Amino acid sequence: METRYSVRKANLSDLHKIKALYRTVAALSGGIAREADEVTWDYVRNFIEKSLGAGVILAVENPLDPEEIIAEVHTYTPGIKVFAHVFGDLTIVVHPDHQEKGVGKLLFATLMEEIESRHPEIVRVELIARESNEKAIRFYKKFGFKAEGRLENRICGKTGKLEADIPMGWVRQGPGQGPG
């Protein structure tokens, strides 16, 4: 029997579930930029509130345990008028036990559909991927993101090795493009 995943909007009551997910993913080398001890209540509350107020936040619950969130994505505007047409600080996390099962693809496709259909004011979406995460870079490119440069020696991993961050962007195409 195939597991069916569904995406829903996340909210502040998901705080403890999202924090647990982020701490699990952060414990992996290269999982996210933060280490597990940097995933605090304040950090998670901050991005949830910003996403609810000026962006999008989506989650996937474990179909076998609705008390567990197994994937989350969020993005929001930076709160500066000249960037009101931009969603940034995009982060997606998928629990390691649920990777390679289409969860991330479903979640990200839902995010992009939400942006395209419900946020016509958003012309650009930005994210950053570390250069060693080639899998993520290929993933984002499938959704129309383009690498827009390199931030040399920006990431210092646990081994002390420096690597580049790759800024990537998606730009809305077609009629009605622009903040109006």
Side-chain angles (χ1 to χ4, degrees), residues 5-80 83-84 86-115 118-119 122 124-130 132-133 135-137 139-140 143 145 151 154-158 163 165-170:
Y5 299 100
S6 61
V7 178
R8 67 166 175 81
K9 291 185 179 183
N11 55 61
L12 200 51
S13 67
D14 293 317
L15 178 65
H16 69 284
K17 298 176 192 178
I18 294 172
K19 181 177 183 256
L21 170 64
Y22 268 69
R23 287 184 66 89
T24 298
V25 173
L28 303 172
S29 178
I32 56 174
R34 290 178 183 271
E35 293 189 18
D37 65 341
E38 294 176 302
V39 178
T40 64
W41 294 109
D42 287 342
Y43 163 68
V44 177
R45 177 182 293 277
N46 182 49
F47 74 68
I48 291 174
E49 288 177 345
K50 285 181 177 178
S51 299
L52 290 171
V56 178
I57 183 166
L58 303 170
V60 177
E61 292 175 346
N62 184 338
L64 303 176
D65 179 7
E67 290 303 309
E68 179 186 27
I69 289 180
I70 59 168
E72 182 270 348
V73 65
H74 66 268
T75 185
Y76 47 86
T77 60
I80 301 169
F83 299 125
V86 177
F87 274 165
D89 287 331
L90 192 152
T91 303
I92 181 171
V93 295
V94 178
H95 191 286
D97 294 345
H98 297 274
Q99 292 179 5
E100 304 296 328
K101 296 179 180 180
V103 177
K105 182 178 178 181
L106 172 67
L107 184 60
F108 209 79
T110 304
L111 171 71
M112 296 308 294
E113 182 181 303
E114 173 91 5
I115 292 168
R118 294 201 170 113
H119 292 278
I122 298 302
R124 177 178 172 80
V125 180
E126 301 172 340
L127 58 85
I128 299 177
R130 69 174 69 205
S132 63
N133 197 345
K135 182 177 161 187
I137 292 169
F139 176 82
Y140 298 131
F143 287 94
F145 283 75
L151 302 171
R154 186 159 187 253
I155 297 283
C156 183
K158 290 180 181 180
E163 66 176 300
D165 253 347
I166 309 299
M168 300 184 77
W170 170 89

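Remember, predicted model here, so these are calculated numbers, not experimental data.
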To the nearest 0.5 Å, atom CD1 of Ile155 lies from atom CG of Asp165 at 4.0 Å
What distance separates Gln99 CD from Leu28 CG, expressed to the nearest 0.5 Å? 7.0 Å
Minimum side-chain heavy-atom gap Phe83-Thr77 below 4.5 Å: no
Value rounded to 0.5 Å, distance of CD1 in Ile137 from CZ in Arg130: 11.0 Å
Got a list of side-chain donor-acceptor pairs under 3.5 Å for residues 38-59, not counting sequence neighbours?
residue, atom, partner, partner atom, Å
Glu38, OE1, Glu35, N, 2.7
Thr40, OG1, Tyr43, N, 3.0
Ser51, OG, Phe47, O, 2.8

Decide yes or no on side-chain contact (heavy atoms from CB on, under 4.5 Å) for Lys17 and Glu68, but give the supporting numbers first. CA-CA 6 Å; Lys17 298 176 192 178; Glu68 179 186 27; over 6 Å; no
Considering only heavy atoms from C-beta outward, does the side chain of Leu90 approach that of Phe108 to under 4.5 Å? yes
Using a 4.5 Å cut-off on heavy atoms from C-beta on, say whether the side chain of Leu111 contacts that of Glu113. no
Distance (rounded to the nearest 0.5 Å) between Tyr5 OH and Leu106 CG: 10.0 Å
Tell me whether the rings of His95 and His98 are parallel (<30°), tilted (30 to 60°) or perpendicular (>60°). perpendicular
Where do Arg8 and Ile69 land on the side-chain contact (heavy atoms from CB on, under 4.5 Å) test, with the steps shown first? CA-CA 11 Å; Arg8 67 166 175 81; Ile69 289 180; 3.9 Å; yes
Indicate the atoms forming the closest heavy-atom contact of Leu107 with Ala71, along with that distance. CD2-CB, 3.7 Å
Keeping Thr75 on the side-chain end and Gly88 on the backbone end, is there a donor-acceptor pair under 3.5 Å? yes
To the nearest 0.5 Å, what is the distance between CD1 (Ile92) and NE2 (His74)? 11.0 Å
So do Trp170 and Leu127 actually touch side chain to side chain, heavy atoms under 4.5 Å? no
Could you report the tightest heavy-atom contact between Arg34 and Ala26, atom names first, then the distance? O-CB, 3.3 Å
Is Phe143 close to Met168 at the side-chain level, that is, under 4.5 Å between some pair of heavy atoms? no
CD1/Ile128 to CZ/Arg154 distance, rounded to the nearest 0.5 angstrom? 4.5 Å
